[in-house]
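One structure below.
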Amino acid sequence: MFALVDCNNFFVSCERVFNPALWNKPVIVLSNNDGCAIARSSEVKKLGIGMGQPIFQIKDLVQKHNIQVYSANFTLYADLSHRVMETLRQFSPNIEVYSIDEAFLALSGISDLEEYGKRIRNTIWQWVGIPVSVGIAQTKTLAKAANEVAKKHPQYQGSLVIDANNRQQILSKIDVGDVWGVGRQYTKFLNRQGIYTAFDLANCDLAWARKNLSVSGERMVRELNGQSCISLNEIFLPQKEIACTRSFGHLMTDLSALKQAVATFTHRAAEKLRQQESVAWQVAVFIHTNRHRQQDWQYANYGISVLPIPSSYTPLLIKHAHAVLQRIYKSGYWYKKAGVILRGINSNQTVQLNLLTKPETYQDHKQIMPTMDGVNQKLGQDTLWLASMGVGERNWKMRQNHRSNNFTSKWEELVVVK
DNA sequence: TCTGGGGTCCTAGGACCC
DNA sequence: TCTGGGGTCCTAGGACCC
């Protein structure tokens, strides 16, 4: 048996934990650069504001309904996510943290699953202050489906178990597009074939699903019928790709400013790389202009640089990133966004050395970076940084005009009770 | 004025090997 | 008329997820 626990409007709920005045009020959390709505309270959803909707398009609604708007505060959200996950471990030793706001739990030997789901929900609410929905079923896909229904229909009070008795009835209520693994394109295709609900999909021919929706399609059909094909992934798997990409607060045209941004993104990505004890072979860089500004000349490009030996040494990675940038940069354009992606990631325990590179060089790298990471971890992000990231005003920095306090990570920003 | 960021998996096709 | 058979690795593009 699997349970899927999913936090409701997670980012909004996080803001509410430290600002209870926001309960029952319409609240929106914005994407980086204060661009789009990426989390909406139920009050906001009712107003018809969509996921990812640009905020400038809904200015009037925001004013009219006095919607509270926040910049994304990922430090806070990550911290609360951790609290939720730790609490969930009380309910099963086998847990897969699926995303910042979701986890799968393997359940066995529970006699009353209905009651167990409610208990999970109540405990998270009481201990962390975040409302969650719980779906329980024989497979992950069904647990997802149960969660979906539990969240949408108040009569289930946030928790639902799918079993052989109610499977058909529940699946018939779910749009096929809401099934885990069915996205925009597949929905269009399936609708054309006369398949509209999760139950329709469950009744598809396996070979047909395999042919038209690839192996993931066949798995979906099997899972919807109660045959578990996707197992619980409990162990930590290092990422195969690490990216840091940002839109700029202001359009930029200068190569030197872009170089600072790219150095900064490389630095962030390299920190993550070292954190998972990996090294990377390739540094990819892209830049592009603002596609929404049709009156501007448009340009976009990307390039890759391959390292002689895989590394996690920031200065070396920056050197390669800059070389790529130099190659793809064209003057005279207004750039809106840039990004750095590290690829070809391997464990730092099994580095393939290069015949032509002295091993000592590599040793140096091994010592400097952990020292820097250690200092930054202890004394705050960017206590130590590289000069190539820029020392003066960083005018490319993203906008973040409505951020809440770092209630859980900065002494100066703790909640004031009185 | 203004439109996010970060991932994974699968498949087809090309290059190459013997 | 008629040109083999069996593999691997890599990449790009498309689908999906949150």
Side-chain angles (χ1 to χ4, degrees), chain A residues 4-11 28-40 49-60 62 69-74 77-78 81 96-104 140-141 144 147-148 176-190 209-220 229-230 233 237-251 265 268-269 272-273 276 281-282 284 286 288-296 302 304 306 334 336-345 398-402:
Chain A
L4 175 70
V5 182
D6 186 321
C7 302
N8 301 347
N9 329 316
F10 183 54
F11 298 164
I28 284 180
V29 173
L30 298 176
S31 61
N32 275 338
N33 219 26
D34 289 348
C36 306
I38 53 165
R40 303 152 295 150
I49 293 172
M51 173 69 176
Q53 195 157 8
I55 189 74
F56 75 87
Q57 287 178 358
I58 50 173
K59 253 185 166 164
D60 294 348
V62 168
V69 175
Y70 286 85
S71 300
N73 183 349
F74 288 110
Y77 309 152
S81 170
E96 171 186 345
V97 177
Y98 180 67
S99 74
I100 193 162
D101 70 336
E102 269 177 70
F104 286 103
K140 279 180 155 184
T141 306
K144 270 275 199 185
N147 190 289
E148 169 86 20
V176 73
D178 290 335
V179 173
W180 191 39
V182 179
R184 270 252 234 329
Q185 302 304 316
Y186 284 175
T187 305
K188 267 194 253 167
F189 169 75
L190 289 167
R210 163 84 218 214
K211 188 167 158 246
N212 293 288
L213 310 170
S214 89
V215 289
S216 4
E218 181 178 345
R219 270 201 294 257
M220 285 189 299
C229 305
I230 308 172
N233 208 340
L237 288 172
Q239 287 175 206
K240 299 171 176 172
E241 217 175 83
I242 293 173
C244 182
T245 71
R246 292 277 180 282
S247 300
F248 306 129
H250 305 278
L251 295 176
F265 301 162
R268 286 272 170 282
K272 272 177 92 175
L273 185 69
Q276 65 167 33
W281 275 108
Q282 295 177 14
F286 72 79
H288 65 70
T289 48
N290 189 344
R291 294 193 181 90
H292 299 288
R293 285 173 62 96
Q294 287 172 357
Q295 69 274 32
D296 288 3
Y302 95 113
I304 295 176
V306 177
W334 290 99
K336 174 64 177 171
K337 187 172 176 177
V340 172
I341 304 152
L342 303 178
R343 298 218 175 93
I345 292 177
M398 62 184 184
R399 276 188 298 273
Q400 221 184 11
N401 295 332
H402 315 280

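In what follows, chains are A, B, ... by sequence order, proteins preceding strands, each numbered from 1.
- Closest to the side chain of S99(A), from the set dC18(C), dA12(C), dG5(B), is dC18(C).
- Taking atom OH of residue Y77(A) and atom C1' of nucleotide dG5(B), one finds them 14 Å apart after rounding to whole Å.
- Judged by distance alone, the side chain of R40(A) and the main-chain N or O of I49(A) form a donor-acceptor pair under 3.5 Å.
- Whole-Å rounding puts the F248(A) CZ to dT1(B) C1' distance at 18 Å.
- The side chain of E102(A) approaches dC18(C) more closely than any other nucleotide in the set dC18(C), dT1(B), dT3(B).
- Nucleic acid contact for D101(A): sugar-phosphate only, since backbone atoms but no base atoms lie under 4.0 Å from a heavy atom of the residue.
- Taking atom C1' in both dG4(B) and dC17(C), the straight-line distance is 16 Å, to the nearest Å.
- Side-chain atoms of K59(A) come within donor-acceptor range of the base of dT1(B), with a qualifying N/O pair under 3.5 Å.
- Residues that satisfy the salt bridge (Lys or Arg N to Asp or Glu O under 4.0 Å) test with R291(A), not counting sequence neighbours, are absent from this structure.
- Across all strands, V179(A) comes closer than 4.0 Å only to sugar-phosphate atoms, never to a base (heavy-atom distances).
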task: For nucleotides 6-11 of chain B, just jot down a letter per nucleotide in 5' to 3' order: B, S or -, based on protein non-hydrogen atoms under 4.0 Å.
output: SSSSSS
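- Summarising the geometry, the separation between CG on L30(A) and P on dG4(B) is reported as 11 Å, rounded to the nearest angstrom.
- The aromatic rings of F74(A) and Y77(A) lie perpendicular to each other, with more than 60° between the two planes, well past the 30° mark.
- For the pair R293(A) CZ and dT1(B) P, the computed distance is 8 Å after rounding to whole Å.
- Atom OH in Y98(A) sits about 5 Å away from atom P in dC18(C), given to the nearest Å.
- Contacts of D60(A) classified as side chain to side chain contact (heavy atoms under 4.5 Å, CB included), with partners at least two apart in sequence or in another chain: none.
- Sorted by first and then second residue, the pairs that involve residues 180-190 of chain A and meet side chain to side chain donor-acceptor pair (under 3.5 Å), not counting sequence neighbours, are Y98(A)-W180(A).
- Between N290(A) and dT3(B) there is a side-chain N or O to OP1 or OP2 distance below 4.0 Å.
- In this structure, Q239(A) and I345(A) have side chains that are not in contact, with every pair of non-hydrogen atoms separated by 4.5 Å or more.
- Between K337(A) and dG5(B) there is a side-chain N or O to OP1 or OP2 distance below 4.0 Å.
- Residues E102(A) and N147(A) fail the side-chain proximity criterion, which asks for heavy atoms closer than 4.5 Å.
- Spacing between atom CD1 of I38(A) and atom C1' of dG5(B) amounts to 8 Å, rounded to whole angstrom units.
- Between F56(A) atom CZ and dT1(B) atom C1' the separation is 9 Å, expressed in whole Å.
- The salt bridge (Lys or Arg N to Asp or Glu O under 4.0 Å) test applied to R343(A) returns E241(A), not counting sequence neighbours.
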message: Show me the dot-bracket string of DNA chain C, counting Watson-Crick or G-U pairs under 3.5 Å, with | for pairs to another strand and [ ] for crossing ones.
response: ....||||||||||||||
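- N33(A) CG to H250(A) NE2: the interatomic distance, rounded to the nearest 0.5 Å, is 9.0 Å.
- Side-chain atoms of K144(A) and F104(A), non-hydrogen and from C-beta on, do get closer than 4.5 Å to each other.
- Comparing dC18(C), dT3(B), dC16(C) against the side chain of R399(A) picks out dT3(B) as the nearest.
- Atom P of nucleotide dC16(C) and atom NZ of K140(A) are separated by 19 Å, given to the nearest angstrom.
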